There are 2 protein chains.
Amino acid sequence: MPHNVPDFSCPDRNRRVILSERPTGVPQPGHFSLDEVARPEASDGEILVRNVYLSVDPAQRGWASDVANYSEPVPLGGPMRALAVAQVIASRAEGFSEGDFVYGFFGWQDYAAVAPSAVLHRCTQDLPLEAFASLCGINGVTAYLGLTTLGRPAEGDTLVVSTAAGSVGSFVGQIGKGLGCRTIGLTGSDDKVATCRDTFGYDVAINYKTADLDSAVRSAAPGGVNVYFDNTGGAILDTVLRQMAVGGRIVQCGTAANQVWSPPPTGPRNEREIMTRRLIWSGFVIFDHLNAYARACDDLTAMHADGRLTFATDMKQGIDTAPGAIADLYAGRNSGKSLIYIG
Amino acid sequence: MPHNVPDFSCPDRNRRVILSERPTGVPQPGHFSLDEVARPEASDGEILVRNVYLSVDPAQRGWASDVANYSEPVPLGGPMRALAVAQVIASRAEGFSEGDFVYGFFGWQDYAAVAPSAVLHRCTQDLPLEAFASLCGINGVTAYLGLTTLGRPAEGDTLVVSTAAGSVGSFVGQIGKGLGCRTIGLTGSDDKVATCRDTFGYDVAINYKTADLDSAVRSAAPGGVNVYFDNTGGAILDTVLRQMAVGGRIVQCGTAANQVWSPPPTGPRNEREIMTRRLIWSGFVIFDHLNAYARACDDLTAMHADGRLTFATDMKQGIDTAPGAIADLYAGRNSGKSLIYIG
């Protein structure tokens, strides 16, 4: 479908959201500042893109941290690392043309001059533009590939999902349901419990803040949990891990429950549970799976077209909403994939 | 090779080691008592076996416990569950003949009348009889199948093994070395460090009780640990887990470091390490892999015949040594696979 993108009022200026202080936990508005510099130019081999939708992702907490992680920390004084859906406005790189829509690491700013390696995906599927940062963003693709490659649910399996109404979890629940699982969603408010049941088709949804989680999971999964797709870690993980069925798989996709990891928080030891239940506990990071990204987007687009997969977007307006957006995410104040429209 | 087995002095009496008190941690001599009853007879469909070598295995701690586990707890007042190498002295089951040697769940006693399902392995390979409770016992087969199916080492990988001189670990180190790994053994005394290097061929051996384990592993594995075969859990696991390479595999085969698991002890939370390092942490229990047992014994026998695999046996004499044998094992007082000759 054709995409309409509005014009910026000052097309030669680049507004940026700068990481100005190093957070120890979840980045708060005070860790960022806004500035404005001249629009960059594409060097040889680069493309110049204009961002349309800035993405707000849980992984940004780790990117902003200087604790050892799977990526280098964002330099202080530079624009915050972020995914975005953008349009190519000048290309000096082979294979990209002016007008192409792309999704990749373009940062929280209006413009970016980047090498083609910054592009995760070319937005070619027949979808609304914002879907490339949700259904076909790292959250939808993480849900699909994390569940199918590491969770490996079989028909009839019981699948538990934490942050079940979230930008990843909501896809995991729906995809698992489509694969024939009984789906149990854990979420943090009664509104989200209703969304889990009514919108995302969970068989059971549990408010972990008000329920006795241990007995609620036990009664929802009397035969044990075959696949646990975990986005939180912490006490929720401790509870579900102790109700895994023999041979169960835990996909560790996020650790939202603990906001500070240095020094590491403590919890009950799990090695004996892993051994006696013969669990397989694996970590998933989407950037290991980029060669499967385009195929995953084709599959997700087909599931969406069939009506098997719905998604929600929590759209903020304007680049000045970015500094508070990660904190909102970790506080659960969003409903659906958090995006910022900066047109 | 032909096996000589001695005669019992009272062939119509069955001496038994009874579990008389329920242990909360490692079974101590006081948890057992010895009794003597009439020799059992084989019912229809059963075999009557006479034990020759009783096996002492770390897993017996879990079998004696009433904490949820992968097996039913041993009933109080009954003979202690144990593996043994035995000879069939009467058969009323198809496929078994008087004189056959077998390895299976025959208990800490002189005789057992059991169904064929109690037999794990028929002792057909060309090996000394005690090897069927060590090289081809659950420890050797666990090492081989745990390492190859869950650890999946590639040539050039760095492999760390805890209880590296033990009945499982010593095989893991040697098999890993044969597969082209750089092998690092963790063990609890300087004597065992020497055994690890001189007998089991580890590239590096570390006394975790006297070394600064974190820096010793870091200097032995500067590129990180690709495979960790863990028999201990606890603080050793915490240290090695934080030095795993991206994509590393942890095989949880034992949890000897913590002797009491109810209530669960605490330790540093690992979910963020699992995610950011994309680890695969799996539990291994040999009884899930019995269909591969005979093939594994053929492979192990061939490696032993080629001189690629050596093994040590710590042989106690007499059934009255059994009550203290599990405690000795957990205290590290054995050197090699702990067996009891009851001829």
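Keep in mind that this is a model prediction, so the values were computed, not measured. Within every chain, numbering begins at 1; the chains are lettered A, B, ... in the order of the sequence lines, protein sequences first and strands thereafter.
With a threshold of 4.5 angstrom between heavy atoms, B/Ile280 approaches chain A through its backbone and through its side chain. Heavy-atom distances place no part of B/Asp230 under 4.5 Å from chain A, backbone and side chain included. Using a 4.5 Å cut-off between heavy atoms, A/Ile274 contacts chain B through both its backbone and its side chain.
The nearest pair of heavy atoms linking A/Phe284 to B/Met275 is O-CG, 4.0 Å.
Under the 4.5 Å side-chain criterion, counting only non-hydrogen atoms from C-beta, A/Asp288 is in contact with B/Arg278.
Heavy-atom pairs under 4.5 Å with chain B peak, among A/Gly254, A/Gly234, A/Pro263, A/Pro264, at A/Gly234.
The only member of B/Asn270, B/Thr266, B/Thr255, B/Asp238 that meets side-chain hydrogen bond (donor to acceptor under 3.5 Å, both in side chains) when paired with A/Arg269 is B/Asp238.
Judged by distance alone, with hydrogens and angles left aside, the side-chain atoms of A/Glu271 form no donor-acceptor pair with the main-chain N or O of B/Gln252 at under 3.5 Å.
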